[in-house]
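Here is the structure we will look at.
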Amino acid sequence: MDIAPATARAELTFRDATEDDVPVLVRLVESAYRGDASRAGWTTEADILQGQRTDADGVRQILAAPSGRVLIAEQAGDPVACCQLERRGRAAYFGMFAVRPGLQGAGLGKVIIAEAERAVRADWGAAEMHMTVISVREELIAWYERRGYRRTGELTPFPYGDERFGIPQRDDLAFELLVKKLR
């Protein structure tokens with residue numbers, strides 16, 4: 001079901017994920033990035049990575065970390081998006097961002113990232129938000145740039161050979177650090 005941006009904002013509620021949410025989070029993240037289902041949205045990585053994007057153990061590790069949390073966005077009690085937030089000194093890390101593919105393009109992403117930025121400023125006093133994006137994802141990086149993030153040129157090698165992060169379909173993958181100053 002597609003929804004208008006104003007409706008999306010009015011109906012969204014946010015909460016912290018718990019252990020009970022692990023299966024839902026794995027399905028949500030996988031659906032946004034991998035396989036044919038991900039092609040319904042624009043964030044798919046299906047052409048550059050196959051295999052898994054995350055798994056239950058990886059999500060549990062994020063939930064168990066004392067410096068982090070996973071924020072879930074719901075509409076009428078139904079999880080439609082999520083993101084990982086991790087405290088890193090005066091900065092916060094934003095990761096594992098997923099919006100249900102059929103709802104992408106309706107303005108939910110903007111609302112969720114704004115709530116994540118608000119939360120890390122209010123709860124942790126974070127002065128910056130950091131994230132890493134696969135450097136060949138130009139359209140996605142441009143979307144973040146429109147939200148105020150800047151490319152740093154700082155690259156981290158993709159973990160080739162570690163199938164927990166997927167099976168690369170090309171040999172030029174790296175993660176680029178993006179940063180936004182929070183006011």
Side-chain angles (χ1 to χ4, degrees), residues 17 21-65 67-73 79-88 91-106 108-110 112-113 116-117 120 128-180:
D21 295 309
V22 169
V24 170
L25 290 168
V26 171
R27 281 193 305 276
L28 180 60
V29 171
E30 292 296 310
S31 74
Y33 292 98
R34 297 290 197 275
D36 287 337
S38 71
R39 294 181 192 283
W42 67 275
T43 61
T44 185
E45 295 172 345
D47 293 328
I48 60 172
L49 291 161
Q50 293 181 357
Q52 72 179 30
R53 176 66 148 66
T54 192
D55 60 22
D57 288 339
V59 173
R60 280 189 193 95
Q61 287 176 1
I62 292 168
L63 289 174
S67 61
R69 63 197 266 206
V70 174
L71 192 63
I72 294 179
V80 296
C82 66
C83 65
Q84 168 195 5
L85 300 171
E86 182 182 324
R87 188 177 195 165
R88 295 184 177 178
Y93 177 79
F94 179 84
M96 203 172 73
F97 185 30
V99 174
R100 186 179 294 164
L103 298 177
Q104 292 176 18
L108 288 174
K110 295 174 196 174
I112 292 152
I113 200 167
E117 291 167 359
V120 300
E128 288 185 340
M129 185 78 90
H130 295 188
M131 70 174 72
T132 55
V133 179
I134 297 174
S135 60
V136 299
R137 302 285 322 274
E138 294 295 337
E139 184 180 9
L140 183 58
I141 290 170
W143 187 87
Y144 285 122
E145 288 178 315
R146 290 190 299 275
R147 313 277 90 65
Y149 288 81
R150 66 173 177 78
R151 296 180 90 156
T152 65
E154 184 179 323
L155 299 176
T156 304
F158 187 86
Y160 285 91
D162 188 343
E163 291 188 9
R164 292 177 302 161
F165 299 97
I167 303 167
Q169 301 303 295
R170 42 193 296 179
D171 62 4
D172 62 344
L173 302 180
F175 294 108
E176 183 170 359
L177 176 66
L178 305 182
V179 175
K180 179 179 181 178

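The residues of the chain are indexed from 1 along the displayed sequence. Both backbone and side-chain heavy atoms feed into the values below; hydrogens, waters and symmetry mates do not.
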>> Could you work out, with salt bridge (charged side-chain N to carboxylate O under 4.0 Å, His left out) as the rule, every residue matching Arg27, not counting sequence neighbours?
In response: none
> Aromatic rings Trp143 and Phe97: how do their planes relate, parallel, tilted or perpendicular, breaks at 30° and 60°?
Replying inline: tilted
> Which pair of heavy atoms, one from Ser38 and one from Pro101, lies closest together, and at what distance?
Replying inline: CA-CG, 4.3 Å
> Do Val136 and Leu173 come close enough that some side-chain heavy atom pair is under 4.5 Å?
Replying inline: yes
> Stepwise, does the salt bridge (Lys or Arg N to Asp or Glu O under 4.0 Å) test hold for Arg151 with Glu138?
Replying inline: CA-CA 11 Å; Arg151 296 180 90 156; Glu138 294 295 337; 3.0 Å; yes
> Taking Glu45 as the fixed residue, which of Gln169, Gln50, Arg53 is the one that meets the side chain to side chain donor-acceptor pair (under 3.5 Å) rule?
Replying inline: Arg53
>> How long is the straight-line distance from OG of Ser135 back to CD of Glu176, given to the nearest 0.5 Å?
In response: 6.5 Å
> Taking atom CZ of Arg39 as the centre, does the number of heavy atoms from other residues, nucleotides or ligands within less than 6.0 Å exceed 12?
Replying inline: yes
>> Test of understanding: with ring pair (Phe, Tyr, Trp, His ring centres under 6.0 Å), list the residues that count as partners of Phe158, not counting sequence neighbours.
In response: Tyr160, Phe175
>> Quick one, Ile72 with Leu25, criterion side-chain contact (heavy atoms from CB on, under 4.5 Å). Give me CA distance, side-chain angles, the key distance, then yes/no.
In response: CA-CA 9 Å; Ile72 294 179; Leu25 290 168; 3.9 Å; yes
>> Determine whether Tyr93 and Thr132 satisfy the following criterion, side-chain contact (heavy atoms from CB on, under 4.5 Å), listing intermediate values before the conclusion.
In response: CA-CA 9 Å; Tyr93 177 79; Thr132 55; 3.1 Å; yes
> Say you draw a straight line from CZ of Phe165 to CG of Leu49; how long is it, rounded to the nearest 0.5 Å?
Replying inline: 11.5 Å
> Does Arg137 reach the main-chain N or O of Thr43 with its side chain, forming a donor-acceptor pair under 3.5 Å?
Replying inline: yes
>> Between Val70 and Val59, is there a side-chain heavy-atom distance shorter than 4.5 Å?
In response: no
>> Looking at Gln52 and Glu30, would you say the former's side chain and the latter's main chain have a donor-acceptor pair under 3.5 Å?
In response: no
> So how far is it from Thr152 OG1 to Leu178 CG, rounded to the nearest 0.5 Å?
Replying inline: 7.0 Å
> Which heavy-atom pair separates Leu28 from Ser31 by the least distance, and what is that distance?
Replying inline: O-OG, 2.9 Å
>> Looking at Trp42, is its backbone amide N or carbonyl O close enough to the side chain of Gln104 to form a donor-acceptor pair, meaning the two atoms are under 3.5 Å apart?
In response: yes
>> Is there a side-chain contact (heavy atoms from CB on, under 4.5 Å) between Cys82 and Val29? Walk through the geometry before answering.
In response: CA-CA 8 Å; Cys82 66; Val29 171; 3.9 Å; yes
> If you round to the nearest 0.5 Å, how far is CG of Asp172 from CD1 of Ile48?
Replying inline: 8.5 Å
> If you measure from CZ on Arg69 to CG on Leu63, what distance do you get to the nearest 0.5 Å?
Replying inline: 12.0 Å
> If you measure from CE on Met129 to CD1 on Ile113, what distance do you get to the nearest 0.5 Å?
Replying inline: 6.5 Å
>> Side chains of Phe94 and Leu85, heavy atoms from C-beta outward: is any pair under 4.5 Å?
In response: yes
> Taking Glu128 for the side chain and Lys180 for the main chain, is one N or O donor matched with an acceptor at less than 3.5 Å?
Replying inline: no
>> Testing the basics here: between Cys83 and Ile112, what is the closest heavy-atom pair and its distance to 0.1 Å?
In response: SG-CG2, 4.3 Å
>> Would Leu108 and Arg100 count as a side-chain contact (heavy atoms from CB on, under 4.5 Å) here? Give the steps.
In response: CA-CA 10 Å; Leu108 288 174; Arg100 186 179 294 164; over 6 Å; no
